[in-house]
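Okay, so here's the structure we're looking at.
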2 protein chains.
Amino acid sequence: MTDTKTALLRSAEHAVRTKGFDGFSYADLAADVGIRKASIHHHFPAKADLSLAVMQQYHDRFEALCAQIDATPASGAARLRAMADQYRAALGGGDTLCLCVAFSISADRVRVDVRAAMAAFRAMMVDWLTAAFARGRDDGTIAQVSHPREDATAMLALLEGAQLAARAQRDPTRFDAALRPLLARLG
Amino acid sequence: MTDTKTALLRSAEHAVRTKGFDGFSYADLAADVGIRKASIHHHFPAKADLSLAVMQQYHDRFEALCAQIDATPASGAARLRAMADQYRAALGGGDTLCLCVAFSISADRVRVDVRAAMAAFRAMMVDWLTAAFARGRDDGTIAQVSHPREDATAMLALLEGAQLAARAQRDPTRFDAALRPLLARLG
DNA sequence: GTCTATACACAGATAGAC
DNA sequence: GTCTATCTGTGTATAGAC
């Protein structure tokens, strides 16, 4: 992959996560990367192609992160904490959201394959969180686990909602506050 | 307030909640309400004026809803359930979000007074939820309440995140799934 | 209050030279 | 691969007639 393409993907991911799918333009990326906007079309013919590439790259990165955590002997609770830390770090100064959240608002204007990629990402995250909750129930490090899958679904919603709360007021500590009750269950 | 203005506010709220601040235009509203887009400027000179009016109307409606629930002798748990039902109903077929969520993505492109209105709405909701959790702790209808304010912050994030999950896949039952662990705490 | 007409900026995208 | 130039559509907003 060329440097330009890498730079474009990087710039586009940041743009989507701070401004949303409808909020960023090829002009923004061009200014950021330092080429003309027509040149972007050489790498990504349409905005949807770029969006899909960004989504796939994001998916791969999180998949690798999950695998990395799974390779450790960490407890169920420690795994959830590690993932929560990741979402917290993704917030930056309170201005960047999870890519899925950023795309969700424009869900009816993104191409069908981009929507499919969003669904795939969510499914992967819920599956991983489900396994972590099950592990935590078995090793006794997570309190009050009844249905790992439901807990996982709720936790993903909580993570995304907490990011929204932080962004709405550009205050990352809102994320911490929203996570506190969940983290309190982790021994 | 004239019928046209009422219709515009109604149409605009739906537009923002389905397409976001950046995703709807005066052309959409004009087609929906049945007037020309230039006529909208007579009622709301700028898009920011319209956004503010929609936000204020939304705030007033929820404030009235909170007051209505408070006027009943309902338990803490019953109050939370009533509010959760409201967010669930607001989902429609899985395509409409809370107005705050819809605006949040475009937070850096909305006028400062609209952002202030978003913050005011969130503050009101957290305050109300805090009181409901405190009531539930005292009347014994909500399990494991330690810090009502933290529980309230987490619940607002969960409600909004659950709406996002439902919208991402146009499936309202995702909302129900994400809420289940919380609702299980309510006696 | 609503209309037609229009201004002006910017969006995504394409053609073709270099 | 990147550029200039350009197309076409759409966005918010305004002027002025009715």
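The chains referred to below are lettered A, B, ... by the order of the sequence lines, with proteins before strands, and numbering in each begins at 1. Here the structure is a predicted model, which is why all the values come from computation and not from measurement.
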Practice prompt. Determine, for nucleotides 11-18 of chain D in 5'-to-3' order, which nucleotides have protein heavy atoms under 4.0 Å from the base (write B), from only the sugar-phosphate (write S), or from neither (write -).
Written response: SBBB----

Practice prompt. Go through the structure and list residues passing salt bridge (charged side-chain N to carboxylate O under 4.0 Å, His left out) with A/Asp108, not counting sequence neighbours.
Written response: B/Arg167

Discussion item. Just to verify, what does A/Gln57 make a side-chain hydrogen bond (donor to acceptor under 3.5 Å, both in side chains) with, not counting sequence neighbours?
Written reply: none

Item to complete: Within residues 102-112 of chain A, find the residues that approach DNA chain C with a heavy atom at under 4.0 Å, and present them sorted by residue number.
Response: none

Fill in: Qualifying residues under ring pair (Phe, Tyr, Trp, His ring centres under 6.0 Å), relative to A/His41, sequence neighbours excluded
A/Tyr26

Worksheet item: Between A/Met125 and A/Cys98, is any pair of side-chain heavy atoms under 4.5 Å apart?
Response: no

Worksheet item: Considering only side-chain heavy atoms of A/Arg36, which listed nucleotide, D/dT2, C/dC3, D/dC3, is closest?
Response: D/dC3

Discussion item. Going by the rule salt bridge (charged side-chain N to carboxylate O under 4.0 Å, His left out), which residues pair with B/Asp70 if we only count those two or more places apart in sequence or in a different chain?
Written reply: B/Arg79

Worksheet item: Is there any salt bridge (charged side-chain N to carboxylate O under 4.0 Å, His left out) pair reaching into residues 33-51 of chain A, and which pairs are they, with sequence neighbours excluded?
Response: A/Asp49-A/Arg111

Discussion item. I want to check one thing: is the phosphate of D/dG1, taken as OP1 and OP2, less than 4.0 Å away from some side-chain N or O of A/Thr4?
Written reply: no

Worksheet item: Does a side-chain N or O from A/His43 land closer than 4.0 Å to OP1 or OP2 of D/dT2, or not?
Response: yes

Worksheet item: Does anything in residues 113-141 of chain A pair up under ring-ring contact (aromatic ring centres under 6.0 Å, His included), and if so which pairs, sequence neighbours excluded?
Response: A/Tyr58-A/Phe121, A/Phe62-A/Phe121

Item to complete: Examine C/dG1: is either OP1 or OP2 under 4.0 Å from a nitrogen or oxygen in the side chain of B/Ser39? Give yes or no.
Response: no

Fill in: Non-neighbouring partners of A/His14 that pass ring pair (Phe, Tyr, Trp, His ring centres under 6.0 Å), sequence neighbours left out
none

Fill in: Short side-chain N/O contact to C/dG1 OP1/OP2 from B/His42, under 4.0 Å
yes

Item to complete: Could you note down all residue pairs passing salt bridge (charged side-chain N to carboxylate O under 4.0 Å, His left out) where residues 80-89 of chain A supplies at least one of them, sequence neighbours left out?
Response: A/Arg88-A/Asp176

Fill in: Residues within residues 51-58 of chain A bordering DNA chain D, heavy-atom distance below 4.0 Å
none

Worksheet entry | salt bridge (charged side-chain N to carboxylate O under 4.0 Å, His left out) against A/Arg180, all qualifying residues, sequence neighbours excluded | B/Glu150

